[in-house]
There are 2 protein chains.
Amino acid sequence: MTETKTRRRGERLEQAILDATWAELAEVGYTALTIEAVAKRAGTSKPVIYRRWQSRAHLVVSAWVRQQPQESGTPDLGSLRADLVWLFTRVADRMAGMMSETIAGVMADAFKHPEVQTLLRDRLDSAPLTGVIRHVVDNAVARGELRPVELPRMVLRLPLDLVRAVAVFYGPPVPDEMVESMVDDVYLPLLKGLALD
Amino acid sequence: MTETKTRRRGERLEQAILDATWAELAEVGYTALTIEAVAKRAGTSKPVIYRRWQSRAHLVVSAWVRQQPQESGTPDLGSLRADLVWLFTRVADRMAGMMSETIAGVMADAFKHPEVQTLLRDRLDSAPLTGVIRHVVDNAVARGELRPVELPRMVLRLPLDLVRAVAVFYGPPVPDEMVESMVDDVYLPLLKGLALD
DNA sequence: CCTTTAAGATACGTTGCGTTTCCTATCGAA
DNA sequence: TTCGATAGGAAACGCAACGTATCTTAAAGG
């Protein structure tokens with residue numbers, strides 16, 4: 001038998017579909033992604049997919065969630081600036097990796113599907129990133145580079161918003177000068193300004 | 001004659017199409033906007049539209065450009081904070097007016113059409129908004145609220161990026177507390193931090 | 001072993017795409 | 001005023017993907 005004419009079910013099948021989705025995403029992007037292509041690539045059929053996900057947006061978000069890497073350790077490179085550059089670079093790289101085209105597409109579709117919007121928002125709000133930011137700032141405080149400062153939500157979400165905005169407008173990858181500008185012209189001055197009180 | 005069976009050309013026709021586009025946009029949004037519907041509403045036909053614009057994205061950007069209001073005067077409400085709240089609120093309102101759904105949709109489609117991306121970027125980079133920001137800051141400096149400070153590009157684009165991010169993620173309208181948080185937690189501290197040197 | 005569940009294949013009607021064809025109103029030059 | 005070039009309007013096209021319905025049959029479990 002060259003063909004494993006097996007019929008998958010449950011978890012195995014689902015994972016195969018999500019893998020196929022991810023592969024399609026990488027190959028043709030979000031806008032051009034079709035359910036039919038995903039079905040074919042996964043070796044299954046449309047109804048199987050529609051039985052599990054309401055829409056392309058739902059499917060893609062599922063695939064994305066599974067792909068999410070867990071947070072790697074936080075840096076301590078000896079200076080606040082160095083840590084911030086590292087952090088922003090990391091965000092920019094990840095953004096380039098899973099195309100901003102996908103993000104833009106999903107965000108657009110999310111208007112049709114409130115649950116997707118919610119899911120996406122929660123996923124990005126509670127991002128492990130905020131933990132890293134806090135950690136980096138704490139280190140700077142410990143080093144005496146910065147006076148103790150509390151970080152409002154809006155400040156915590158800023159890195160992601162900024163990188164996303166630039167990536168979507170200029171297309172990835174985000175150039176190094178832009179990343180440095182985010183740090184030197186925005187985030188560092190902002191932290192210093194917050195620490196004034 | 002109840003019917004003006006006239007056949008429009010050139011500028012008149014073009015304007016009618018753009019008006020129809022804008023109306024459709026307001027009614028069904030970007031994602032659901034179809035060229036056929038625009039053609040019908042404008043009382044013309046698809047080929048006429050395709051002769052002028054390559055895609056839905058091009059068409060919508062054209063319509064949007066025509067609709068762009070010219071900048072109203074800059075404020076001077078007596079304090080930097082008040083001016084900034086006014087400014088951010090204005091940005092948020094405009095964002096709510098021409099749906100963030102449209103922005104998200106166009107941005108997503110822009111990946112397929114580099115000229116659209118360029119057009120959009122230029123339009124938003126050179127936004128009259130940056131002039132207003134400079135003016136507001138100058139006034140604060142003149143009042144003695146702030147030491148003289150130069151504003152990097154990244155700082156100038158921040159208001160638009162921030163409001164857009166929030167509008168797209170939470171859906172419009174952007175709540176007042178969010179606007180105030182942008183001013184109190186981000187922009188004001190940032191300006192003060194920049195003015196430290 | 002026999003029942004239940006759902007995978008996989010196929011086909012369906014629908015919608016909007018972007019294009020082509022054809023006819024004729026409008027415009028500008030002669 | 002006439003005539004030829006230009007371009008608007010209407011209709012139809014083939015195509016692609018949508019989302020659904022139908023049917024057969026493999027897998028899972030008691």
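Note that the structure is predicted; figures quoted are calculated from it, not measured. FYI, side chains are in, hydrogens and waters are out, and symmetry mates aren't considered; it's all heavy atoms of this structure. Below, chain A is the first sequence line, B the second, and so on; all start at residue 1.
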Visitor: If you compare every side-chain N and O of S45(A) against the phosphate oxygens of dA9(C) (OP1, OP2), does one of them come in below 4.0 Å?
Guide: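 For dA9(C), neither OP1 nor OP2 has a side-chain N or O of S45(A) closer than 4.0 Å.
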Visitor: Side-chain contact, heavy-atom cut-off 4.5 Å: M154(B) with M178(A)?
Guide: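 They are in side-chain contact.
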Visitor: What verdict does the side-chain contact (heavy atoms from CB on, under 4.5 Å) test give for R56(A) and Y30(A), after you've listed the backbone C-alpha separation in whole Å, the side-chain angles of each residue and the deciding distance to 0.1 Å?
Guide: CA-CA 9 Å; R56(A) 190 171 54 147; Y30(A) 181 78; 3.7 Å; yes
Visitor: Nearest whole angstrom, please: distance from the C1' of dG8(C) to the NZ of K40(A).
Guide: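 These atoms are roughly 14 Å apart.
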Visitor: Where the side chain of R7(A) is concerned, which of dA7(C), dA17(D), dG18(C) is the nearest nucleotide?
Guide: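 Nearest nucleotide to the side chain: dA7(C).
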Visitor: For R51(A) and dT20(D), give me the distance from atom CZ to atom C1', rounded to whole Å.
Guide: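 So the CZ-C1' distance, R51(A) to dT20(D), works out to 11 Å.
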Visitor: Would you kindly say whether S79(B) and E145(B) are connected by a side-chain donor-acceptor distance under 3.5 Å?
Guide: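 Not at all, the side chains of S79(B) and E145(B) share no donor-acceptor pair under 3.5 Å.
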Visitor: If you define the side chain from C-beta out and look only at heavy atoms, does anything of L158(A) sit under 4.5 Å from V186(A)?
Guide: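 When only atoms from C-beta onward are counted, V186(A) and L158(A) do touch, with a gap below 4.5 Å.
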Visitor: Determine whether more than 12 heavy atoms belonging to other residues, nucleotides or ligands lie under 6.0 Å from atom CD of E115(B).
Guide: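 Yes, because the 6.0 Å sphere around CD of E115(B) holds more than 12 heavy atoms from other groups.
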Visitor: Expressed as a whole number of angstroms, how long is the span from R41(B):CZ to dG16(C):P?
Guide: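 Atom-to-atom, R41(B) to dG16(C), this comes out as 15 Å.
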Visitor: Counting only side-chain heavy atoms from C-beta out, which of dC17(C), dG8(D), dT25(D) sits nearest to R52(B)?
Guide: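 Looking only at heavy atoms from C-beta outward on R52(B), the closest nucleotide is dG8(D).
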Visitor: Is R8(B) touching bases, backbone alone, or none of the nucleic acid, heavy atoms closer than 4.0 Å?
Guide: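 Touches sugar-phosphate only.
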Visitor: Report the residue (A32(A) or P47(A)) whose heavy-atom-nearest nucleotide on DNA chain D is the more 5′ of the two.
Guide: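 Counting from the 5' end, the first nearest nucleotide belongs to A32(A).
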Visitor: Does a side-chain N or O from T6(B) land closer than 4.0 Å to OP1 or OP2 of dT26(C), or not?
Guide: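 Checking T6(B) against dT26(C): at least one side-chain N or O falls below 4.0 Å of OP1 or OP2.
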Visitor: Please tell me which of the listed nucleotides, dG18(C), dA7(C), dG19(D), lies nearest to the side chain of K46(A)?
Guide: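 Ranking dG18(C), dA7(C), dG19(D) by closest atom to the K46(A) side chain puts dG19(D) first.
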Visitor: Separation of I35(B) atom CD1 from dG9(D) atom P, in whole Å?
Guide: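 Distance, rounded to whole Å: 15 Å.
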Visitor: Would one find a side-chain N or O of R9(A) under 4.0 angstrom from OP1 or OP2 of dA26(D)?
Guide: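 The answer is no; no side-chain N or O of R9(A) sits under 4.0 Å from OP1 or OP2.
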Visitor: Mind calculating the distance between CG (L33(B)) and P (dC17(C)) to the nearest angstrom?
Guide: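 After rounding, the gap between these two atoms is 8 Å.
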Visitor: Roughly how many Å is it from CD in E24(B) to P in dG16(C), rounded to a whole number?
Guide: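 E24(B) atom CD is separated from dG16(C) atom P by 11 Å.
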Visitor: Quick one: which of dC17(C), dA17(D), dT20(C) gets closest to the side chain of T34(A)?
Guide: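 Out of dC17(C), dA17(D), dT20(C), the nucleotide with an atom closest to T34(A)'s side chain is dA17(D).
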Visitor: How many whole angstroms separate atom CH2 of W53(B) from atom P of dC17(C)?
Guide: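 Going from CH2 in W53(B) over to P in dC17(C) covers 15 Å.
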Visitor: Which whole-number value in Å describes the distance from K112(B) NZ to dC17(C) P?
Guide: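 Result: 11 Å.
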Visitor: Within the pair T44(B) and dG8(D), is there a side-chain N or O less than 4.0 Å away from OP1 or OP2?
Guide: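 No, outside the criterion.
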